[in-house]
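Numbers here simply count residues along the sequence, with the first being 1. This is a predicted model, so every value here is computed, not measured. Just so you know, ligand 1 is whichever comes first in the structure, and atom 1 is the first atom listed for that ligand.
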Amino acid sequence: MPHALWPSGSPEPPRTTGPPPAPSPTTPPAPLPAPTTRPADVLVIGGGIIGLVTAWRTAQRGLRVTVLDPAPGGGAAQVAAGMLAAVTELHYGEQALLALNLESARRYPDFAAELDEASGSDIGYRACGTLAVALDADDRAHLRELHALQQRSGLESEWLTGRECRRLEPMLAPGVRGGLRVDGDHQVDPRRLASALLTACERAGVTFHRDRAARLLVDRDRAVGVALADGTRLAADQTVLAAGSLSGRLDGLPPSVRPPVRPVKGQVIRLRVPAPYAPFLSRTVRAVVRGSHVYLVPRESGELVIGATSEELGWDTTVTAGGVYELLRDAHELVPGITELPLTETRAGLRPGSPDNAPLLGPTELPGLLLATGHYRNGVLLTPLTGDVLAAALTDGALPEEAHPFTPARFTPVPQEQPV
Ligand code: GLY
């Protein structure tokens, strides 16, 4: 997966040497040398969809924005399927995240229309709905639980028999035992989204610096930009760390503001539905098969995306025979006809997981440093809202209320009282 901080294809992000020794409390810190570029109002580290939407929305508000990334437009969005699955990916104990996800889903139609206009392209927003189905008694019990949770949460979903599911999607296997129709969970094409955001940023006057951040620069207890590997300094009034799963690895971050994000590997495959077979599926179809999530996301272009594994394997982005086998096996149980389709791509990406599966949004304890990371399974869904709340925080200095439960402060270690 292309990295935000490090060039695409590096299996292991290169490390720079450790931070310089801290000055003694009595010695004032030496002033930093003059910046080697004109300071920006805002520097965004990471040009994936989260960094780009932050840059675009902030530039629209009149600030001078620079994005630092060796390959902007890359990152996890190049792998993601693009489900906007606030309702079908609901989990126990994640009510606050549900509210955030629903709010971003609500903003998607206007966001897509505005971005299409700003970029002169089409991000593939498709209000197609989702059908979550069960293949055996265990899957059905799991889906019944999800339905009950959705109802308790006031969400719209409808229980269907297997026959009703097949009436909606005739390519489904005869063994489908029931399902949940969720008409509010849609899709977007994340690759088109990334490319449109890149164009919109360029048109809004965002500057791109195609390089990687080596170290955060801190001066008098304030973030003042970054240093690159060759020593170039990019100075900025405010710096946003939006580097996906790599966000916790930037040198120079004080421990109290280092985001606790980790990579969670997802393998995804892409098939092509030839014109005579289209529409193969009319909506996203998903299931939990023997405990593993599988989903099939059909695009209007004929692309059929099948995902995704979820693996805690560090920085590994190898596509494995086992991963592809499991996806094809489970997808084939749901929709047997997929074996006839050409296989066009296999790929693995890294989701930026956080300890509570929710993003870290807004200012940190270190003045001048904000975070937009840790979006885990919801990066594409949360793109519109992230852009809005970060741009507001950067321009007004106040994080909008909907993001308050997601400030980085929830992970700030509480200082231990010293025994007297
Ligand atoms: N939200 C889908 C995934 O992360 O696989």
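For E300 (side chain) and G124 (main-chain N/O), no donor-acceptor pair under 3.5 Å exists by modelled atom type. For the pair D69 (side chain) and G47 (backbone), a donor-acceptor distance under 3.5 Å is present.
Residues passing the side chain to side chain contact (heavy atoms under 4.5 Å, CB included) test with R210 are P72, E202, F208, sequence neighbours excluded. With sequence neighbours excluded, the residues forming a salt bridge (Lys or Arg N to Asp or Glu O under 4.0 Å) with E333 are R290, listed by chain and number.
There is a side-chain donor-acceptor pair under 3.5 Å between S247 and T373.
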Considering only distance and modelled atom types, tabulate donor-acceptor pairs under 3.5 Å from the side chains of residues 279-289, sequence neighbours left out.
residue: S282; atom: OG; partner: E169; partner atom: OE2; Å: 2.4
residue: R283; atom: NE; partner: E169; partner atom: OE2; Å: 2.7
residue: R286; atom: NH1; partner: E89; partner atom: OE2; Å: 3.1
residue: R286; atom: NH2; partner: E89; partner atom: OE2; Å: 3.2

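Within 4.0 Å of ligand 1, contacts by protein heavy atoms are made from M83, E89, Y295, A308, R351, R377.
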